[in-house]
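Hydrogens, waters and symmetry mates are skipped; everything else that's a heavy atom, side chains included, is used. For ligands, and for the atoms within them, numbers begin at 1 and follow the listed sequence.
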Amino acid sequence: MTKTELISEIKRLKKEKNAVLLAHYYEPAEIQAIADLLGDSLQLSREAGETDADIIVFCGVRFMAETASIISPEKKVLLPVPDAGCTLAEGITGADIRKWKSENPTGLVVSYINTTAEVKAETDYCVTSSNALDIVRQLPQDRPLLFGPDRNLGHYIQSVTGREMDIWDACCYVHDVITREMVDHTLRTYPDADLLIHPEATAAREADYLAHPRILFGSTSAILSHPAKSREPHTYCVGTEIGIMTELTRRYPQHTFIPMIADHPCEYMKLISLEDVHRALRDEQYEVRVPAEIRERAIVPIRRMLEMS
Ligand code: SF4
């Protein structure tokens with residue numbers, strides 16, 4: 001099939017099967033182009049709960065499809081490439097959390113949404129990079145917080161909110177390469193640019209950057225909305241996964257965007273092709289279903305997050 005035929009067949013199958021195609025901003029441009037909804041983790045989680053489609057084709061990574069299945073167990077959630085994983089989600093297990101809690105029996109577990117269903121089932125509150133600051137500020141002061149798995153995001157939250165936390169030591173291998181040296185070099189190389197950096201970056205741990213006039217640390221949606229503030233053409237250096245450039249350049253043709261890690265894409269987010277989406281819809285594969293016993297516990301911290309943000 002040609003690309004045009006594939007796209008038209010995908011559209012036909014979506015209609016025939018009452019399916020919706022959700023895609024993360026880090027997905028390849030051709031997948032973003034056919035998505036019914038593009039979003040970051042929080043937006044996609046909300047949409048999974050609100051759609052009246054029978055099938056959700058999730059173009060992202062496994063933990064996101066699991067989250068969709070936890071929120072919408074009555075729907076068939078398909079992940080077109082079953083081994084689309086995530087180094088961050090794989091950086092902590094349910095057993096790790098159980099041991100951590102046993103060592104800190106009064107602790108509240110706060111987990112980044114980038115975790116497996118098994119970890120969510122052991123969690124008190126889920127957060128995304130969009131709502132983490134807001135949610136941590138609402139948590140009881142008299143309970144220790146156990147934050148995982150992203151060490152950089154954890155230290156960033158701690159610096160901004162002033163809330164001490166016990167922080168797990170895992171990272172996203174894509175954002176972890178954005179170091180202080182890279183940020184300083186970028187500031188020197190592009191003296192007229194502002195830097196938009198995801199808080200999973202190692203540089204988000206540098207407390208003196210928090211008040212820097214040319215650096216904004218923000219979630220995917222914050223990075224996407226910030227350039228709207230500048231009416232005049234402006235240059236932004238972008239410290240997050242390269243896939244976001246598709247949406248930034250589509251929304252703001254008047255601005256210039258320079259990716260800071262163009263040569264370091266997330267390999268997992270680039271696995272899904274149009275052929276995979278077509279096969280997923282045609283054969284209704286690969287279904288991601290979370291066992292009921294885990295789902296019933298994992299939905300609790302997700303609901304708390306959605307109610308608090
Ligand atoms: S960019 Fe990082 S956190 Fe996102 S899926 Fe890839 S490895 Fe995981």
Between [Y] and [X], do the side chains contain a donor N or O and an acceptor N or O under 3.5 Å apart?
X	Y	answer
D83	Y286	no
S130	D40	yes
S111	T123	yes

* Determine whether Y112 and E200 make a side-chain contact, defined as any pair of heavy atoms from C-beta on separated by less than 4.5 Å. =>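 Result yes, sub-4.5 Å side-chain heavy-atom pair found.
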
* How about atom 2 (Fe) of ligand 1, which protein N, O or S atoms come within less than 2.8 Å? ->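 Metal shell, protein only: C172 SG.
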
* Nearest protein heavy atom with distance in Å, relative to atom 4 (Fe) of ligand 1 ->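 Atom 4 (Fe) of ligand 1 sits closest to the protein heavy atom Y26 CE1, 4.1 Å.
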
* Do other residues, nucleotides or ligands put more than 12 heavy atoms under 6.0 Å from E74 CD? ->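 Atom CD in E74 is packed in, count exceeds 12.
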
* Start with the C-alpha gap between F217 and H198, add the side-chain angles, then the distance that decides, and say whether ring pair (Phe, Tyr, Trp, His ring centres under 6.0 Å) holds. => CA-CA 6 Å; F217 289 106; H198 197 283; 9.8 Å; no

